[in-house]
Amino acid sequence: MGAVLEVRGLSKSFGGIVALRDVSLEAEEGEVLAIIGPNGSGKTTLLNVITGVYRPDGGGVRLGGEQLVGLSPAQICIKGVARTFQNIRLFKRLTVLDNVMIGQHHRFNAGTARILLASRRSRREEANFAREARELIAKVGLAGLEHAVAQSLPYAKQRLLEIARALAAAPKVLLLDEPAAGMNSEEIVQLEVLVRTLREEGLTVIMIEHVMDLVRGVADRVVVLNYGAKIAEGSFAEIEANPEVIEAYLGKGAGPCSA
Amino acid sequence: MIAVRPERPKAIAILFALLAIAPFFLPNRYYVYIFNRGFANALAVIGLVILFGMGGQISLGHIAFFTLGAYTSAIFAVRLGWPPAAAVLAGVAFASIWGAFLSVPAFKLSGPFLSICTVAFGEVVRLLTINLVSLTNGPYGFYGIPSLRLFGRRIGSEKAWYYLLWTLLVIAILAAARLKRSYIGRALAAIREDETAAEVMGINVRAMKTLAFVCAAFCAGLAGALYAHMSGFLSPESFTGEQSFSLFSMTVVGGQESVLGGVAAGVALTLLPELMRFLQEYYIMIFSLIVLLIVLLPFESIMERAKMWAAGLAREGGKVPWGRCSK
């Protein structure tokens, strides 16, 4: 068991605002790592830097020892890092099945000529990927909605569809940006089961989350960010008792015994 | 929740069978020629359906690729003495190369900025056809372009052209439909919907944009090159910005994403002005009004409307509800 994803000394500023300050963390193979922190603490920026949407000012990101900084978002996805978005970015007017199959894009092999000739190989490839996509749709709990248009789905189902789309890229590391936002308690339980299943299958999951019940339920380790810097790391129980974390969330003078 | 249904292959097959026998029922050769013009336009529109409808990239100078294909083929055939079929291939290749070049600004630009860029490209090509007199014969027009020869037979009559263009059109429709349903078509749709998300999902956005522009330029270039040999005469006046907008409106009227819709609109909007000749100078007004109505009225597109009609007939015994197709 080694670190699959390794973030070293990552920094990123926007003008005068420091969004990430020398952040380092590691995600072990097959673990669920939760990243928590107050709003504006740099969690989403961290995800954007890892996936190549932003270029860091300093530091590095390694996937299985391979440097990701400098690669395009598409290349990083192909290397094995897939993500979801905090403010859902599905392909709204496309069907559920199309959304998931777009996630599989880089795994297709048939060349343009084969597609135009509808060669047997390209048709078989399409059929195989369609079957796999349907399985993924069923796995996240959207079976029967394959031909529904993405934007017509209720909010929670759109979040699940984003997860299916990310899984379709066959990633080594899955990054989830507030997957439980806007979900009711029942839906959160369903999400928790899904994340557990993914961990059991050996997938590494890095999850930004505000819903502490979910973090407590699935996270093997928790990293806390505040003002762009890592202030704590450990199990949920350790984090919960950490005075610095409590201060970040509740302010100075607050503590487990006060109030 | 809205579901998306596959298209109806049977109805389409019947439609194309009808088109196959149409020349025998047309009153005279002139109408066959107009159909040929319509087929050529439809071919160019298929390219725009791929570029704009599927990929969301605007080209408002699309006639430029048609022009490049036409003039290049004519120059190769007349000035260099190439066999017309080879000249057509050269024309298509040249237009496609320029399609690849024009995709470069699309890496950075989108929406109105990209459309201005494509309008400029269209104007540059138009002005070159006027001013490169030694190559294009400028405003006097390019005469004496030989007709096509295929498999030792000269494509001379309007009917022969009709069947050649019709065959190519069917092939192009099949190819475009296959592209649309493939991972490439889905990637183009992804770029149209959300470019950043597409990139994050592992799609090489630049490569896909270049592919879309090359496809569009290929179709328009082919249409142009064939047109050159079909009409035998080229004039810069036939390839103005107006023509670009005309191709674009055909694409939009046909429902943007629909290959068949685009083809239907391409043929129909080429025939319509001919059928409205009796209106004389008022025709452009009426014609524009018809296009405007089709685009602005509750109908999302000809095809959508037709589908709704068919569905409505089946469900409610002939009643079609008014109002925008629910999407």
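On a predicted model such as this, the values are computed, not experimentally measured, just so you know. Here is the naming used below: chain letters follow the sequence lines, and residue numbers restart at 1 for every chain.
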Task: Proximity of B/Y183 and A/F129 rings by center, below 6.0 Å - done: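 Distance test on ring centres: not under 6.0 Å, no.
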**Between B/H62 and B/F65, ring centroids under 6.0 Å** = yes
Note to self: Can you confirm whether the side chains of A/R123 and A/N128 place a donor and an acceptor under 3.5 Å from each other?
What the structure shows: no
Q.
Would you say A/T44 and A/D177 are linked by a side-chain donor-acceptor pair, where the criterion is simply a distance under 3.5 Å?
A. yes
Using a cut-off of under 4.5 Å on heavy-atom pairs, state which of [options] scores highest against chain A.
| options | value |
| --- | --- |
| B/A177, B/A197, B/A190, B/S182 | B/A190 |
| B/I171, B/L174, B/T196 | B/T196 |
| B/V200, B/N204, B/L179 | B/V200 |

Winner by heavy-atom pair count (cut-off under 4.5 Å) against chain B, out of [options]:
| options | value |
| --- | --- |
| A/G103, A/A169, A/A168, A/A110 | A/A110 |
| A/E126, A/Q104, A/K79 | A/E126 |
| A/A82, A/A118, A/G52 | A/A118 |

Contact origin within B/R192 toward chain A - heavy atom pairs under 4.5 Å: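 For B/R192, side-chain heavy atoms alone lie under 4.5 Å from chain A.
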Do [X] and [Y] touch side chain to side chain, with heavy atoms closer than 4.5 Å?
| X | Y | result |
| --- | --- | --- |
| A/M207 | A/I35 | no |
| B/L169 | B/I46 | yes |
| B/I203 | B/I191 | yes |

Hey, is NZ on A/K12 packed in by over 12 heavy atoms from elsewhere, all under 6.0 Å?
yes
(message) Looking at A/E201, I'd like to know if its CD atom is crowded, meaning that more than 12 non-hydrogen atoms belonging to other residues, nucleotides or ligands lie closer than 6.0 Å.
(response) yes
Can you tell me which portion of A/L117 sits under 4.5 Å from chain B's heavy atoms? Options are side chain, backbone, both or neither.
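Looking at A/L117, just its backbone touches chain B.
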Less than 4.5 Å to any heavy atom of chain B: does that hold for the side chain of A/R107, its backbone, both, or neither?
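Contact with chain B is absent: no heavy atom of A/R107 under 4.5 Å.
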Distance check, rounded to the nearest 0.5 Å: B/D194 atom CG versus A/R93 atom CZ?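 Nearest 0.5 Å value for the CG-CZ distance: 12.5 Å.
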*asked:* For residues 55-74 of chain A, give me every residue with a non-hydrogen atom less than 4.5 Å from any non-hydrogen atom of chain B.
replied: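 Near chain B, by residue number: A/S72, A/P73, A/A74.
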